[in-house]
Each structure stands twice: as structure tokens, then as C-alpha cells.
Participant: 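Let me give you the structure first, and then I'll get to my questions.
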Amino acid sequence: MTDRYAVFGHPVVHSKSPFIHRAFAGQTGQDLDYEAIDPGADGFAEAVRRFFAEGGRGANVTLPFKEEALALADEALPRAREAGAANTLIAREGRLLADNTDGAGLVRDLKLRHGVPLAGAEVLLVGAGGAARGVLGPLLRERPQRLVIANRTPARAEALARAFAPLAASHEVALEARPFDALRPPFTLVINATSASLAGEIPPLPSELFAARPFVYDMMYGASPTPFLREAARHGAKTADGLGMLVEQAAESFFLWRGVRPDAQAVYLRLRAALGG
Ligand code: ATR
């Protein structure tokens, strides 16, 4: 029988996950079906329970349900617990397991697709919301030399730095929070984890940060570069958007469910071509 998978989101019509996972299934000869489910603003828990009661094998979860997904699972893997959110659910022996593959997806995209070294790096993470929290643990485990969190609302960056202080210490990473106007170069990698690009806005970083030519990454993506990436490129920085992260987090989920690693690069290239720009 064909195994059922789905992505839950609200809205979910624009999700690329069905395309990605069907392509992975085709590549690897896995017999599975993958659909997109929008349970409405209030129907997530009930829709997930029904999906798994009817034999669903696994699910992805996107905005705005990632925190709720963690809460309703029977068990959470450490990556999901520390992220405070789950993007992947797995049915295992009648129990629902929560994981989070976002950070692993970012790390793989940076290292493998873009050739950005993380060990010993000096990293600036911009933003302190769910997206930043979701990638912080996997970034720290790569042992950068230092990681600075900067956010429009400084108290949120400070809270995040406090929460991850033990993990940073155990990996010998200097982790700190700083307001935008107290950021000092050099950074070798700047990651935009804010939602500013959605509003066509740019976090107000001091422009001298770009002078040292860091690699600049935006977790958002689109047909044309985000305002943040355009600004970085104007200063001569190398840039990348989050399309690769999207495909890599999906590949991690697929691997968890099926035990087979798909060819993420082939699907990445198809998506990039479809985006145009
Ligand atoms: P997400 O789950 O996408 O991270 P979130 O938890 O609402 O969503 O967090 C959004 C992040 O983008 C926050 O870091 C937010 O900064 P504040 O904590 O100060 O709100 C940041 N953000 C959104 N719009 C921004 C803008 N125009 N300039 C700078 N930061 C912005």
C-alpha cells in the first residue's frame, strides 16, 4: 500500500514540499503519496490526529504550527526540543515523534552547496524569532569561533543567547547578543533569520560589516534577490538565499522517514529554474 505523507500549514497552497517530496520519491523509487493540508487557523491538532489515525506515516509542519506540532507529539528529539518547534513528525510504533530538520538543512546548504566553512567561523545571526531559534543549535554544534545574535528587539536576542549558553560553552563557542548599532566586524558569515524581507525591509546593520566581505545568507528566497542580499551584494559580499535550505531540510525529513538520502541538488536545480528571475 502507498505510504501517506503531508505538509500542514495555514496557508499551505504555495508550499513547495509536495513537489520536493514527490520528486525525492521518484528518484529513489519510494512508493509514497505526499499532499498539502490546510486545517484552518484552529484545526491543526485535530487534523494531525486524524491524519495519523488514518495511517499517515509522517508529516512536515510549516507556519504557523511548528510550536503546536512540538507540543502535541508524544516524544521530541533534542533538536526539536531546543528549537522549541518541530517541522517534522514521524509515526513510530503508534507514537508520534517530533524532530526539527531546519538547522541541519541550513548547515548542509552552507557547507555543501556554498562551500562556507563553519568551524572557526565568526557568525552573525540576525533575528531572534522562531526561525533563528530553529537553527541556533545546529550552528553551534559546528563549532564556530564566535556567534553573535543581533535583533531589533535586543531583549529577545539576549534571551536566546542565555538559553543556548550551555550548548555554546560545551562547544567552546563565544556566544553573545548585541544591539545592531554595537556590531563590530569582522564576521565571516552573516545570516538573516528575520522576516524583514517579507515586508521588503532590511535590518539596519552597520555597513562596515560588509567591508570584510562576509558570506551573506538570507533564509528567505524568491525569484529575485531579497533586499538584504541586494544590499550585501552592493558592498561586494558573496550571497545566497534560502532555497537550498528549503530543499535540504526536506531531504533530512525524507531521510528520517525512509532511510534513503535523495539527490537534493537535482531538485534544487529544478526549483531554481522554475523560480526564474
Ligand atoms: P519567525 O518565526 O519567522 O522567526 P517571529 O518569531 O515573528 O517569526 O520573528 C521575526 C523576526 O524578524 C524577529 O527577530 C523580528 O524582530 P523583533 O524581535 O524585533 O520583532 C524580525 N523582524 C521582522 N521585521 C523586521 C524588520 N523590518 N527589521 C528588523 N527585524 C525584523
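For the single chain, residues carry numbers from 1 onward in sequence order. Counting starts at 1 for both ligands and their atoms, in listed order. Heavy-atom basis, side chains included; hydrogens, waters and symmetry copies ignored.
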Participant: Honestly curious: do Leu110 and Val190 fall in one hydrophobic cluster under the side-chain, below-4.5 Å linking rule?
Facilitator: no
Participant: Same hydrophobic cluster for Ile149 and Phe180, using side-chain heavy-atom links shorter than 4.5 Å among ILVMFWY?
Facilitator: no
Participant: Just do the salt bridge (charged side-chain N to carboxylate O under 4.0 Å, His left out) check on Glu158 and Arg178 with the steps written out, would you?
Facilitator: CA-CA 8 Å; Glu158 284 155 20; Arg178 288 206 168 191; over 6 Å; no
Participant: Begin from the C-alpha positions of Arg113 and Glu248 and carry the test salt bridge (charged side-chain N to carboxylate O under 4.0 Å, His left out) through to its verdict.
Facilitator: CA-CA 10 Å; Arg113 184 162 292 101; Glu248 296 297 341; 2.8 Å; yes
Participant: Provide, to 0.1 Å, the distance between atom 9 (O) of ligand 1 and the closest protein heavy atom, together with that atom's residue and name.
Facilitator: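 So the nearest neighbour among protein heavy atoms is Gly129 CA, 3.5 Å.
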Participant: Does at least one non-hydrogen atom of Ser195 fall below 4.0 angstrom from an atom of ligand 1?
Facilitator: yes
Participant: Can you name the atoms of ligand 1, numbered from 1 with element, that are less than 4.0 Å from a heavy atom of Gly127?
Facilitator: 14 (O)
Participant: What atoms of ligand 1 come within less than 4.0 Å of a heavy atom belonging to Arg156?
Facilitator: 6 (O), 9 (O), 13 (C), 17 (P), 18 (O), 20 (O)
Participant: Who gets closest to atom 14 (O) of ligand 1 by heavy atom: Thr194, Asn151, Ile149?
Facilitator: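 The option holding the nearest heavy atom is Asn151.
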Participant: Distance below 4.0 Å between atom 7 (O) of ligand 1 and any protein heavy atom?
Facilitator: no
Participant: Which of the numbered atoms in ligand 1 are under 4.0 angstrom from any heavy atom belonging to Gly130?
Facilitator: 1 (P), 2 (O), 4 (O), 6 (O)
Participant: Give the atom numbers and elements of ligand 1 that come within less than 4.0 Å of a heavy atom of Glu201.
Facilitator: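 Matching atoms, with element in brackets: 26 (C), 27 (N).
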Participant: Please check if the side chain of Asn100 supplies one atom and the backbone of Ala85 the other of a donor-acceptor pair under 3.5 Å.
Facilitator: yes
Participant: Starting from atom 19 (O) of ligand 1, which protein heavy atom do you reach first, and at what distance in Å?
Facilitator: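 So the nearest neighbour among protein heavy atoms is Thr153 OG1, 2.5 Å.
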Participant: Looking only at protein heavy atoms, which one is nearest to atom 25 (C) of ligand 1, and how far off is it?
Facilitator: Arg152 NH1, 3.3 Å
Participant: If the threshold is 4.0 Å, N to carboxylate O, is there a salt bridge linking Arg133 and Glu82?
Facilitator: no
Participant: Where does Ala128 meet ligand 1, judged by heavy-atom distances below 4.0 Å: at the side chain, the backbone, both, or neither?
Facilitator: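 Near ligand 1, Ala128 shows its backbone, while the atoms from C-beta on stay back.
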Participant: Would you please classify the geometry between the Phe8 ring and the Phe44 ring as parallel, tilted or perpendicular, with 30° and 60° separating the classes?
Facilitator: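 Ring orientation, 0 to 90° scale: perpendicular.
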Participant: Are Tyr5 and Phe254 connected, step by step, through hydrophobic side chains (Ile, Leu, Val, Met, Phe, Trp, Tyr) whose heavy atoms are closer than 4.5 Å?
Facilitator: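 Same cluster.
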Participant: Any idea which atoms of ligand 1 are less than 4.0 Å away from a heavy-atom of Ala131?
Facilitator: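 Those of ligand 1 that fall under 4.0 Å from Ala131 are 1 (P), 2 (O), 4 (O).
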